[in-house]
Amino acid sequence: ADRLIASMLTAGLDRNASAWAGVVDEGSLGWALLALGTPTNITAVDSGALGDFYGNDNSEKAHKSALLLAGLAGLGRVDREVANTFAGQLGIDLNRQTRWTRLIDQAADTNNQALVVLLAGVGMQGDGWDKMTSVHLYHIVSALNRVGLSAEARMIAAEAVARG
């Protein structure tokens, strides 16, 4: 089911993929992709579900778990307290600021869609998804979502977790 869901999201069939919500196990990769990729938050994202995903995460240094948290937080699909607690467990700080994070956040604050897209592209530079940091993903997803590019934000977040 995980590969099928990933393929459906890649093909832009996000609404069709949401039909699998009742089939996938909470904490599985398919569940994570649906939690990120569907147009509405159809799955409950709480500390238990994040913990289940983390328990199943065999990526280096739980990279997929960090990307999942970043994507969910960027989309506003996880409670801030739960996000902060889980970030602490993962040893990441999504609120860390750099010059680039300040620029993309300012572009989103002024609803400058073109600049957000350009800065998102800059933030995604690397030779693989394993190079994507949770901080960059959080700011990319959040900024895209805030300027009305939620579908793009969701697909980038889902792709990062699928390939991270």
Side-chain angles (χ1 to χ4, degrees), residues 1-95 108 113 116-117 120 123-124 126 128-164:
D2 296 347
R3 285 187 175 181
L4 177 63
I5 292 167
S7 296
M8 292 176 81
L9 291 174
T10 300
L13 301 172
D14 51 355
R15 293 186 194 287
N16 296 27
S18 65
W20 286 84
V23 176
V24 296
D25 292 330
E26 183 176 272
S28 68
L29 179 59
W31 166 86
L33 298 178
L34 291 174
L36 292 167
T38 55
T40 57
N41 190 14
I42 60 167
T43 57
V45 180
D46 56 24
S47 59
L50 289 170
D52 289 345
F53 185 83
Y54 178 65
N56 295 324
D57 187 354
N58 60 3
S59 63
E60 188 174 333
K61 296 181 182 176
H63 190 240
K64 286 181 182 265
S65 294
L67 295 176
L68 172 62
L69 177 62
L72 291 170
L75 292 168
R77 293 185 174 188
V78 64
D79 179 75
R80 186 173 277 302
E81 186 175 319
V82 170
N84 288 337
T85 300
F86 196 61
Q89 289 176 327
L90 294 170
I92 60 174
D93 179 8
L94 297 178
N95 297 313
Q113 198 176 68
V116 165
V117 170
M124 293 176 66
W129 284 102
D130 60 323
K131 305 296 188 270
M132 172 64 74
T133 70
S134 55
V135 171
H136 276 81
L137 184 65
Y138 168 70
H139 287 277
I140 289 167
V141 170
S142 175
L144 288 170
N145 195 44
R146 291 181 355 210
V147 298
L149 297 173
S150 62
E152 291 81 357
R154 290 183 288 103
M155 293 307 108
I156 288 171
E159 190 75 13
V161 172
R163 295 180 180 251

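Computed from heavy atoms alone, side chains included, the values below leave out hydrogens, waters and symmetry copies.
- Across all their heavy atoms, Thr38 and Ser18 have their closest contact at CG2-CB, 3.5 Å.
- Taking CG of Leu72 as the start and CG of Leu50 as the end, the distance is 6.5 Å to the nearest 0.5 Å.
- Once rounded to the nearest 0.5 Å, the distance linking CG of Asp130 with NE2 of His63 reads 7.0 Å.
- Glu159 and Trp129 get closest at one heavy-atom pair: CG-CZ2, 3.6 Å.
- Rounding to the nearest 0.5 Å gives a distance of 15.0 Å between OH of Tyr138 and CE of Met132.
- Applying the side-chain hydrogen bond (donor to acceptor under 3.5 Å, both in side chains) rule to Thr133 yields the partners His136; only residues at least two apart in sequence or on another chain are considered.
- Closest of all the heavy-atom pairs between Asp52 and Gly27 is CB-CA, 3.7 Å.
- Shown here are the side-chain contact (heavy atoms from CB on, under 4.5 Å) partners of Asn56, two or more places apart in sequence or in another chain: there are none.
- Pairs engaging residues 134-145 under the salt bridge (Lys or Arg N to Asp or Glu O under 4.0 Å) rule: none recorded [sequence neighbours left out].
- Partners of His139 by ring pair (Phe, Tyr, Trp, His ring centres under 6.0 Å), not counting sequence neighbours: none found.
- Scanning both residues, Ser134 and Ile92, for their nearest heavy atoms gives OG-CD1, 3.7 Å.
- In this structure, the side chains of Val117 and Leu144 come closer than 4.5 Å at one or more pairs of heavy atoms.
- Closest approach of Tyr54 and Ala62 over heavy atoms only: CE1-CB, 3.4 Å.
- Note that the CG atom of Asp14 and the CD1 atom of Ile5 stand 12.5 Å from one another [nearest 0.5 Å].
- For Met8, the side-chain contact (heavy atoms from CB on, under 4.5 Å) partners two or more places apart in sequence, or in a different chain, are Leu4, Leu13, Asn16, Ala17, Trp20.
- A heavy-atom distance below 4.5 Å is not found between the side chains of Leu33 and Val24.
- In this view, Ala108 and Val116, Ala143, Arg146, Val147 satisfy the side-chain contact (heavy atoms from CB on, under 4.5 Å) rule, not counting sequence neighbours.
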Considering only distance and modelled atom types, tabulate donor-acceptor pairs under 3.5 Å from the side chains of residues 82-90, sequence neighbours left out.
from, atom 1, to, atom 2, distance (Å)
Asn84, ND2, Arg80, O, 3.4
Thr85, OG1, Glu81, O, 3.0

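- Not counting sequence neighbours, Arg15 has no partner by the side-chain hydrogen bond (donor to acceptor under 3.5 Å, both in side chains) test.
- The side-chain contact (heavy atoms from CB on, under 4.5 Å) check on Asp93 picks up Asn95, Arg96, with sequence neighbours excluded.
- No donor-acceptor pair closer than 3.5 Å links the side chain of Arg77 to the backbone N or O of Val45.
- Here the closest non-hydrogen pair linking Leu94 and Ala73 is CD1-CB, 4.0 Å.
- Partners of Asp57 according to the side-chain hydrogen bond (donor to acceptor under 3.5 Å, both in side chains) rule, which considers only residues two or more places apart in sequence or in another chain, are Ser59, Ser65.
- Taking the side chain as every heavy atom from C-beta outward, Val161 and Leu29 approach each other to under 4.5 Å.
- Every residue was checked against the side-chain hydrogen bond (donor to acceptor under 3.5 Å, both in side chains) condition with Glu152, not counting sequence neighbours, and none meets it.
- Sorted by first then second residue, the salt bridge (Lys or Arg N to Asp or Glu O under 4.0 Å) pairs that include residues 83-92, not counting sequence neighbours, number zero.
- At least one side-chain heavy atom of Ile156 sits less than 4.5 Å from a side-chain heavy atom of Leu137.
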